[in-house]
Structure formats: C-alpha cells, structure tokens
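What follows is a set of notes on a single structure, which appears directly below.
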Amino acid sequence: MIPVNEPLFIGNEAKYLKECIETGWVSSDGSFVKRFEAEFAGYCDRKYGVSVVNGTAALQLAFESLKLQAGDEVILPSFTIISCASCIDRLGLIPVPVDCNPHTYNMTIEHVEAAYTEKTKAILVVHIYGLPVDVDPILQFAKEKELYVIEDAAEMIGQEYKGRKCGSFGDVSVFSFYANKHITTGEGGMVVMDNDDIHHSCLSGRNLAFKPPRRFVHDELGWNYRMTNLQAAVGVAQLETIDQLIVIKREIGVAYTKLLTGVDGISLPVHQTNYANNIYWVYSIVLDETFPAMAGEVEAKLNEKGIGTRPFFWPIHQQPYFLDKYPHWGSLSLPNSEHIAKNGFYVPSGLGLNQSKIPTICKEIKDVLKSF
Ligand SMILES: *Cc1c(COP(=O)(O)O)cnc(C)c1O
C-alpha cells in the first residue's frame, strides 16, 4: 500500500530528541519549546508564537483570545475541517459558513460580503489544500467593518501570498504540525500574533490559566494545551529544513499534474494564480459533475490497487451536528463546496513519498477512471 501520507525527517530531529532524553528536559519546560516558538514566529513574520498540542487547540485559543460575545457571528468557509467550526460553536458564537471558488477551493471576498450582517464580528480565513485565500480584499473589508480576522494557515506552512508569509495576516493565525503538514511534530500546533493581549490570553489559556501571585487560585479557566520539549525539538529540526520540504512538495505536485493533464473527467489543482504558487499540501483530484461514479467508488478501486486516498472535507453546512442545531441550514445551497466535497479526493502526496512511484500511481488512476 502506498500511504496517502508519509512524513519526512532529513535534519537534526534525532539529534535534538536525543538531547532532550539525555538532559531530562522532556516536558513543556524545556528550551526547545521557546526556541521553536521564537523561530517559527520569526519565520511567519510575527512577533510571538505560542506552541500547543495541535491545530484544533490553536484555533480554540485564538478564538478565546478575541473576547467575542455569545451570539456574535463568525464567517468561515464551509469547505474546511470541523475544528474551524467546533471552536466557534463551543464559545457560543454562531458560525456562518460560506461557499468557495470552484477552482481554488477557497472562500472569496464576494462570499464574505454576501454573508455579512450587523452581528458579524469576525472572519475565519482558511487556506485550503495548496493555494492561499486572496486575502487582501478580505483584510480591507474587515478593516472597514471593524471585524477580527483569524487566519488558519495549517495547510500553508511556508506558503506566500504576494510575497508575504501565510500566517502573518489578520489578528491571529494558527498552524498545525500534524504528521501530514509541511512540518510535523507528530501532533502539535502554534498560535502566532503581534498583539500583546492576544499573546497573553493564549499563554494563559494553554497553561490552565495559572497566574501569580498564587498559582493554584483561579479567576479564569484554561486548558492544558502545552507542547512538550520532545515535540518542539522535532519542530526546530523540521523548521531548519523547511525550504527543502517545500521544494519536495512542489515537485510532487508538478509531477502529478504533468502526468494527469488532459485526462478526461477530472479537474486538477490550479498551479498558479496572480497572487500565489500552489504549495500542494495535498494533491487533489475532483471528478467532473458528469463523471459516471462517485469519488468514493473511485477511491475504493484505487485502494484495492494499493494506492492510498482520502476523501475531501465534508462541508460544515452539511454536518449532521449543525443541521440538528440550525435546521434552516438544510436549505442552504453552497454548490461549489458541495460539488468538491462529493467528487473530490486526494492521492499519495506526503513528503516521504518515493517520487519514482508517481508514474505508476498515475497509470492506475487513469485505468481506474477509464473503468467507469
Ligand atoms: C490539520 C488542520 C487543522 C487541525 O489541526 P490538528 O493538528 O489536526 O488539530 C485545522 N485546520 C486546517 C485547515 C487543517 O488542515
């Protein structure tokens, strides 16, 4: 089986881990944690980084730091991971899911403007799969309307928008270091920001809201979301190699596109827009509306042939949890998100993929598509 993702460790990961074990600094108190935060924040052109246990926790802390009020509306893309909506819901905020561009899979300013109401207080910008959101018009709109912008750059480590780093936009940005992201700490995440209040809120929120003068007396509740020194050691080493990792990701994307261009019945990722080059977090394929099978059937046949796949995200507005809570979402029509969710899947494109296997994978994809 060629797995849909394999991580890649080509730097000092083992050396730094050994250092943690030998010195006994394994908890969140070790020096790699501070080093990873400073180096990662610097890499994203942010003042501060707060490392956490995963990207979902990072989203939670980012939202908590903005002190929004229950009932406030947050515009977010429907086509994204559930973590984006769950942190909004848990704070009593109202998620307002919007559609995406059918080619980039990203929300656009038009979608945001159409969803804006008097109750809108924040926009969650999520860059999907490989291309960043065209973020300037959204930042401009947010400024005019005095809205917070939270940026989910989990899939965009090292990606640039008009030459500026993803993770540097808006009030607060979040990352994940899950094993399939551009750098990994196994599990892990980071919140990055420039604002001191947001920074302090995230520091407190991840550390059980311990505060002086009496550590175990609380006027606020937090979480234990602390990253360990072991994870941070891997993160520091991974970040040292990020330029190479991005080159590899782009090579994989280009290799697939070269071999799959012209194949009937499918859409491939957009390589380039006027604001960014695709970073190919995953290599995604979307079946045309007229294709005679569903993505799940194509995936099943590929899996039988030993090729790992993953379905696309399922839209937030069609999640059973939210349909139960907001029955009127049943009549929402977000056709682009629905189309790609139903017809999209991605193929082996992790950093550890042996690239010499790409021609074989593409041949199998073509054979499977022809079989319907
Ligand atoms: C991976 C991912 C997350 C969640 O990160 P975890 O570390 O898995 O919790 C959040 N948002 C996006 C866009 C992601 O791709």
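Just so you know, ligand 1 is whichever comes first in the structure, and atom 1 is the first atom listed for that ligand. What's counted below: heavy atoms across the whole structure, side chains too, no hydrogens, waters or symmetry copies. None of the values given here were measured: they were computed from a predicted structure.
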Inset, instruction - Determine whether the aromatic ring centres of F36 and Y16 lie less than 6.0 Å apart. - result: no

Legend entry - Minimum side-chain heavy-atom gap P95-Y326 below 4.5 Å: yes

Inset, instruction - Consider every N or O of F177 and every N or O of ligand 1, then say whether any pair is closer than 3.5 Å. - result: no

Legend entry - Close side-chain approach of V4 to V282, heavy-atom, < 4.5 Å: no

Legend entry - Distance-only N or O hit between ligand 1 and E155, under 3.5 Å: yes

Inset, instruction - Determine whether more than 12 heavy atoms belonging to other residues, nucleotides or ligands lie under 6.0 Å from atom CH2 of W25. - result: no

Inset, instruction - Give the residue and atom name of whichever protein heavy atom lies nearest to atom 9 (O) of ligand 1, and the separation in Å to one decimal. - result: T56 OG1, 2.6 Å

Legend entry - Evaluation steps, ring pair (Phe, Tyr, Trp, His ring centres under 6.0 Å), between F79 and Y129: CA-CA 11 Å; F79 188 73; Y129 287 176; 5.7 Å; yes

Legend entry - Atoms in ligand 1 with a heavy atom of N54 nearer than 4.0 Å: 7 (O), 9 (O)

Inset, instruction - Quick one: look up the protein heavy atom nearest atom 11 (N) of ligand 1 and list residue, atom name and how far away it is. - result: D152 OD2, 2.6 Å

Inset, instruction - Could you establish whether H127 and ligand 1 come within less than 4.0 Å of each other, counting only heavy atoms on the residue side? - result: no

Inset, instruction - Check the pair H127, E151 against side-chain hydrogen bond (donor to acceptor under 3.5 Å, both in side chains), reporting the backbone distance first and the verdict last. - result: CA-CA 8 Å; H127 310 294; E151 179 191 17; 2.7 Å; yes

Inset, instruction - Examine the proximity of ligand 1 to I128 and report which part, side chain or backbone, both or neither, has a heavy atom under 4.0 Å away. - result: neither

Legend entry - Residue and atom name of the nearest protein heavy atom (relative to atom 8 (O) of ligand 1), distance in Å to one decimal: S176 OG, 4.1 Å

Inset, instruction - Run down the list K181, M190, E187, M156 and name the one with the heavy atom closest to atom 14 (C) of ligand 1. - result: K181

Legend entry - Min side-chain heavy-atom separation N106-N101 under 4.5 Å: no

